[in-house]
Amino acid sequence: MTTHKTQVAIVGAGPAGLLLGSLLHRAGIDNIIIERQSPEYVLSRIRAGILEQVSVDLLHEAGVGQGVSAGGIVHHSIDLVFQNTRHPIEVTQLTGGKVVTAYGQTEVTRDLMEQRSKLDLPSIYNVQDVDMHGIDSAHPSVSFRVSDTSSERQTIECDFIAGCDGFHGVARQHIPKSILREFERVYPFGWLGVLADVPPVSPHAIVYANSERGFALCSMRSMTRSRYYVQCPMTDQVSDWSDERFWDELKLRLDPELAEQMVTGPSIEKSIAPLRSYVAEPMRHGRLFLAGDACHIVPPTGAKGLNLAATDVKYLSQALIDYYRTQDSHGIDDYSAKCLKRIWKAERFSWWLTSLMHRFPDTEGFGQKIQEAELEYLVKSESLSRSLAENYVGLPLDF
Ligand code: APR
Ligand code: PHB
């Protein structure tokens with residue numbers, strides 16, 4: 001049996017695990033990351049791509065800010081479409097100068113992976129049968145097997161374990177059932193997403209569209225690569241949606257001017273994702289910490305998922321750095337409560353924006369009219385517009 005020793009064992013090499021590994025390394029704290037998938041698989045996942053300034057700042061702090069500086073597209077407004085008309089919400093003006101940046105999660109992950117490999121930091125991919133031991137003790141460990149080499153079990157002995165292994169990971173299951181509380185809402189529809197090498201129809205603003213046919217979203221990854229979504233039933237298969245059907249449906253949900261300007265082309269990725277709100281509390285038990293999707297999921301409306309993962313990691317890295325520097329365990333003790341305050345506000349915001357923008361099968365015509373009334377109120381009322389804007393750019397850290 002191979003035994004590794006480190007200070008922090010990180011389970012999961014998504015953005016949360018990689019960013020944590022990078023911030024800890026910069027503070028001189030050793031860590032090993034284990035990941036169930038291959039690096040290629042991790043990099044093939046396409047997810048949301050809007051960064052709050054706090055996330056951009058954290059990428060700079062981690063030493064991987066060059067990618068977002070060079071390739072990120074800064075936005076000062078978002079557009080809301082309803083009743084076939086587009087209404088700009090000037091988020092920068094409404095928030096005293098704040099912006100959001102379009103930069104894909106895939107690119108964030110790639111930048112962090114490249115940094116980790118340049119620095120020759122230990123990452124073990126293709127692991128399986130991950131188990132955790134002694135999380136109530138001062139000497140926890142993680143054991144696993146590497147699937148494609150041998151069936152020998154390996155162990156990482158460490159001081160702390162960070163469970164950054166996403167919604168389907170194992171870390172959360174190690175918090176005793178008598179302690180863990182779960183809160184969940186599953187929405188009765190999904191998002192069909194398409195990535196295509198076409199110029200974004202609205203390069204200056206992300207477009208969120210409410211239509212009687214269902215929700216649609218226009219986003220981007222660069223000035224030549226676009227990301228679009230339409231709401232669809234979860235019973236749909238990707239094979240039900242030819243590129244032609246997708247583009248036709250997207251255009252029908254936008255205002256005529258945008259539909260007219262839309263440049264279409266072959267999809268390079270197409271997938272259907274469910275929408276879910278989920279929180280597991282607490283985020284720490286003994287020497288195990290949860291961060292990112294391992295303990296909370298938001299529906300993608302408003303793009304809070306990656307940003308929440310980033311702030312969890314900000315708080316967790318700071319807590320561990322304080323602990324190693326001064327033996328001060330306040331940050332460790334406060335970690336869960338501090339994160340959850342922010343998480344529930346983002347849960348509320350993404351639930352609200354989802355409820356406002358989608359067609360719900362159970363409310364049909366009535367629901368549509370109420371949404372349109374609220375949207376009209378929102379775009380006319382400066383205080384409601386400001387509320388949307390300040391949540392969209394990200395509430396201040398200790399709000
Ligand atoms: N052992 C090791 N790794 C695991 C295990 C396991 N048992 N189970 C899952 N993983 C890996 C997954 O393969 C994945 O690469 O953990 C990683 C978790 O990464 P993400 O799902 O990307 O979650 P996170 O890093 O928290 O990032 C949050 O992802 O889903 C989006 O909206 C979300 O943008 C947000 C971001
Ligand atoms: C994306 O670019 O993929 C995106 C943008 C905004 C969202 C969700 C997803 O609210």
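Order of appearance sets the numbers: ligands from 1, and atoms from 1 within every ligand. Numbering starts at 1 and runs along the sequence shown.
Within the 4.0 Å heavy-atom criterion, the part of R47 lying near ligand 1 is the side chain and not the backbone. The backbone and the side chain of D293 each have at least one atom closer than 4.0 Å to an atom of ligand 1 (non-hydrogen atoms only). At a 4.0 Å heavy-atom cut-off, ligand 1 does not touch A48 at all. In I34, the part holding a heavy atom less than 4.0 Å from any atom of ligand 1 is the backbone.
Looking at ligand 1, you won't find any N or O of Q37 less than 3.5 Å from one of its N or O atoms. Taking only nitrogen or oxygen atoms, main chain and side chain alike, G305 does not reach within less than 3.5 Å of ligand 1. For H168, no nitrogen or oxygen atom sits less than 3.5 Å from a nitrogen or oxygen atom of ligand 1, counting backbone and side chain alike. Looking at ligand 2, you won't find any N or O of I50 less than 3.5 Å from one of its N or O atoms. Considering backbone and side-chain atoms alike, W191 places every N or O at 3.5 Å or more from each N or O of ligand 2. Residue contacts with ligand 1: V11 is placed with no nitrogen or oxygen under 3.5 Å of a nitrogen or oxygen of the ligand (distance criterion only). On a distance-only criterion, Y229 and ligand 2 share at least one N/O pair closer than 3.5 Å.
To the nearest 0.5 Å, atoms CG (N126) and OH (Y41) are separated by 12.0 Å. The CD atom of E157 sits 11.0 Å away from atom OG of S143, with the distance rounded to the nearest 0.5 Å. In this structure, OG on S271 lies 7.5 Å from OH on Y229, to the nearest 0.5 angstrom.
The residue from R185, E347, E182 that alone fulfils the side-chain hydrogen bond (donor to acceptor under 3.5 Å, both in side chains) condition with Y278 is E182. Of the candidates K314, R342, K98, E52 forms a salt bridge (Lys or Arg N to Asp or Glu O under 4.0 Å) with just one, namely R342.
Annotation for ligand 2: atoms under 4.0 Å from non-hydrogen atoms of G302 are 10 (O). If you number the atoms of ligand 1 from 1 as listed, the ones under 4.0 Å from a heavy atom of G169 come out as 8 (N). For ligand 2 and R227, the ligand atoms under 4.0 Å from any heavy atom of the residue are 3 (O). Ligand-side atoms of ligand 2 in range of R221: 1 (C), 2 (O), 3 (O), range being under 4.0 angstrom from any heavy atom. The ligand atoms of ligand 1 that sit less than 4.0 angstrom from a heavy atom of R45 are 12 (C), 13 (O), 14 (C), 15 (O).
Protein heavy atom nearest atom 2 (O) of ligand 2, with residue, atom name and distance: S219 OG, 2.6 Å. Shortest contact from atom 17 (C) of ligand 1 to any protein heavy atom: E35 OE1, 3.6 Å. Shortest contact from atom 8 (C) of ligand 2 to any protein heavy atom: P300 O, 3.3 Å. Closest protein heavy atom to atom 10 (O) of ligand 2: Y208 OH, 2.6 Å. With respect to atom 10 (N) of ligand 1, the closest heavy atom belonging to the protein is D165 O, 3.6 Å. Scanning the protein for heavy atoms near atom 2 (C) of ligand 1, the closest one is R36 N, 3.3 Å. Looking from atom 24 (P) of ligand 1 to the surrounding protein, the closest heavy atom is A16 CB, 3.9 Å. In this structure, the protein non-hydrogen atom closest to atom 9 (C) of ligand 2 is A48 CB, 3.6 Å. Nearest protein neighbour of atom 34 (O) of ligand 1, counting heavy atoms only, is Q105 OE1, 2.4 Å.
Within the 4.0 Å heavy-atom cutoff, K304 does not count among the residues contacting ligand 1. Residue contacts with ligand 2: Y228 is excluded, as none of its non-hydrogen atoms falls under 4.0 Å.
Counting all heavy atoms, side chain and backbone alike, V393 lies closest to V100 at CA-CG1, 3.8 Å.
Checked against a 6.0 Å centroid threshold, the rings of H358 and F189 count as neighbours.
Under a cut-off of 6.0 angstrom, the local environment of NE2 in H204 is sparse, with at most 12 non-hydrogen atoms contributed by other residues, nucleotides or ligands.
Judged by distance alone, with hydrogens and angles left aside, the side-chain atoms of D165 form a donor-acceptor pair with the main-chain N or O of A171 at under 3.5 Å. Side chain of T6 to main chain of A9: no donor-acceptor pair is present (N/O by atom type, distance under 3.5 Å, no hydrogens or angles).
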